Amino acid sequence: MAVYCNSAPFSCKAWRIRDPTPISALLPTRLFSLLQPPFSFHPDRLKLSTCRCDKVASAVVSEESAVGSSSSGTDVFNLTYLEGNSWLWDISGVRVLVDPILVGNLDFGIPWLYDAAKKFLKNFELTDLPQVDCLLITQSLDDHCHLKTLKPLSEMSPNLRVIATPNAKPLLDPLFRNVTYLEPGQESEVEAANGSKVRIQATAGPVLGPPWQRPENGYLVISPQCQLTLYYEPHCVYNKDFLEKEHADIVITPVIKQLLPNFTLVSGQEDAVQLAKLLHAKFIVPMKNGDLDSKGFLASIVQGEGTIESFKELLSKELPDAKTLEPTPGEPLQIPPP
């Protein structure tokens, strides 16, 4: 029997695993400590952003247009999906690299159990990146904090600004000199060479491990002139009480569930719809973080549930004015004005 806890102070109930040998008993503790819903936060006790962006999102444009856009009076985003959980964002000239996996495969150090490669950007390398202003890390596991990528990146740019979950501190401190660790509710500012600045505020993501462990991070990214806000969390796990006072024009989230027997690895579908509704999103960018060329025992038992089309149907009933925009790996995603 396992115990499922959903808040702090803990409200727990017992649930039974039908298989007498749970999956977690077969896997390394570091990789598959159970995901838990995030803690119950009290936003009034935290120092949150005081700027409420209530202007209509104007555009998300290509890199060429984004650079220097702050001076023109219009904030713009440029979103490039690098497969898995990896992204390159350009926010009015501020370039943010998110959860990069650009060197080798994703295997958690146990390739016999799970080994995954990208389907489309097979030849994309670290040297193909433009100069970035910030590295953003959501979680401490290898599919977000990928040491085979981060070690050579740190050798190339040891002073690179890094914003991350405190859970990744043992991994990042030996590599980078300029790391800011954000607890949910805390925020930090990133400035580009062109003078543009964005604010990044941490939100509560999933708990990986025992229920008393701090949650991993999602993020709200606020554009320089507070015209546009983006929300990102790669498991579609969020704290409703924490987010209900927030707003995001753009929501990047998985929409296809990834399931182990009796256990949800990544949520989506109706949970993604409720997330978009909670944040009053205008644009939803669905990510396919399970769409990799994978092999091994774990890959053979992970099942997907739902499709982007079924998500769109659910969304149209709850948030009919929102637009779903699918990214093409390696190509900038341009979002037109609403």
Side-chain angles (χ1 to χ4, degrees), residues 27-33 80-90 94-183 188 190 192-193 200 202 205-206 208-209 213-214 216-219 232-235 287 289-290 292-296 298-299 329-330:
L27 308 178
T29 303
R30 173 64 179 158
L31 176 57
F32 285 103
S33 50
T80 303
Y81 188 39
L82 302 179
E83 295 191 76
N85 297 307
S86 305
W87 291 86
L88 177 64
W89 302 335
D90 189 316
V94 182
R95 295 192 183 101
V96 180
L97 181 63
V98 185
D99 290 351
I101 299 178
L102 299 174
V103 178
N105 285 5
L106 171 64
D107 59 20
F108 299 93
I110 42 174
W112 60 270
L113 184 63
Y114 183 81
D115 188 6
K118 294 184 177 182
K119 287 186 175 181
F120 305 103
L121 303 179
K122 297 180 182 294
N123 298 318
F124 193 94
E125 300 177 352
L126 278 176
T127 53
D128 295 319
L129 289 171
Q131 182 175 346
V132 297
D133 301 294
C134 180
L135 170 66
L136 188 65
I137 299 295
T138 60
Q139 299 184 18
S140 55
L141 292 183
D142 204 39
D143 53 337
H144 307 272
C145 192
H146 189 243
L147 290 182
K148 284 189 286 189
T149 296
L150 298 184
K151 286 179 179 178
L153 178 61
S154 69
E155 293 169 359
M156 295 167 55
S157 303
N159 294 315
L160 177 63
R161 179 72 189 283
V162 182
I163 293 177
T165 168
N167 295 334
K169 183 177 176 65
L171 303 173
L172 296 175
D173 273 0
L175 300 178
F176 295 96
R177 302 169 184 168
N178 186 14
V179 186
T180 301
Y181 298 103
L182 295 182
E183 299 279 3
S188 187
V190 177
I200 298 178
L208 304 179
Q213 183 170 309
R214 68 162 59 90
E216 305 288 340
N217 283 356
Y219 293 102
Y232 176 66
E233 196 289 311
H235 280 221
M287 55 187 293
N289 46 2
L292 301 168
D293 284 330
S294 57
K295 58 185 179 181
L298 180 60

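Worth saying up front: this structure is predicted, and the values here are computed from it rather than measured.
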Review point. Is there side-chain contact between L150 and P100, with heavy atoms separated by less than 4.5 Å?
Key: yes
Check your understanding: Atom NE2 of H146 and atom CZ of F108: how far apart are they, to the nearest 0.5 Å?
Key -> 8.5 Å
Point to revise | T180 and R161, any side-chain heavy atoms less than 4.5 Å apart | key: yes
Check your understanding: Roughly how far, to the nearest 0.5 Å, is the CD1 atom of I163 from the CG atom of N178?
Key -> 9.0 Å
Revision key, fill the gap. Residues passing the side chain to side chain contact (heavy atoms under 4.5 Å, CB included) test with A117, sequence neighbours excluded, are N105
Check your understanding: Considering residues at least two apart in sequence or located in another chain, which fulfil the side-chain hydrogen bond (donor to acceptor under 3.5 Å, both in side chains) criterion with K148?
Key -> D107
Check your understanding: Does any N or O in the side chain of D133 come within less than 3.5 Å of the main-chain N or O of R95, such that one atom is a donor and the other an acceptor?
Key -> yes
Exercise for review: Say whether, by atom type as modelled, one donor and one acceptor occur between the side chain of E83 and the main chain of P329 under 3.5 angstrom.
Suggested key: no
Review point. In chain order, what residues pass the side chain to side chain contact (heavy atoms under 4.5 Å, CB included) check against D128, with sequence neighbours excluded?
Key: F124, E125
Check your understanding: Can you tell me how far NZ of K118 sits from OG of S86, rounded to the nearest 0.5 angstrom?
Key -> 4.5 Å
Check your understanding: Do side-chain atoms of T149 reach the backbone of L102 as a donor and acceptor pair under 3.5 angstrom?
Key -> yes
Check your understanding: Quick one: CG on L292 to OH on Y114, what's the gap to the nearest 0.5 Å?
Key -> 5.0 Å
Review point. Residues two or more places apart in sequence or in another chain: which of them pass side-chain hydrogen bond (donor to acceptor under 3.5 Å, both in side chains) with N123?
Key: none
Revision key, fill the gap. Across all chains, not counting sequence neighbours, the salt bridge (Lys or Arg N to Asp or Glu O under 4.0 Å) partners of K119 are D291
Exercise for review: Taking D143 for its side chain and L106 for its backbone only, find out whether a donor-acceptor pair lies under 3.5 Å.
Suggested key: no
Revision key, fill the gap. Sorted by chain and residue number, the ring pair (Phe, Tyr, Trp, His ring centres under 6.0 Å) partners of Y219 (sequence neighbours excluded) come out as none
Review point. Can you tell me how far the OG1 atom of T165 sits from the CG atom of L136, to the nearest 0.5 Å?
Key: 10.5 Å
Exercise for review: Determine yes or no for a side-chain-to-main-chain donor-acceptor pair under 3.5 angstrom, with E183 supplying the side chain and P166 the backbone.
Suggested key: no
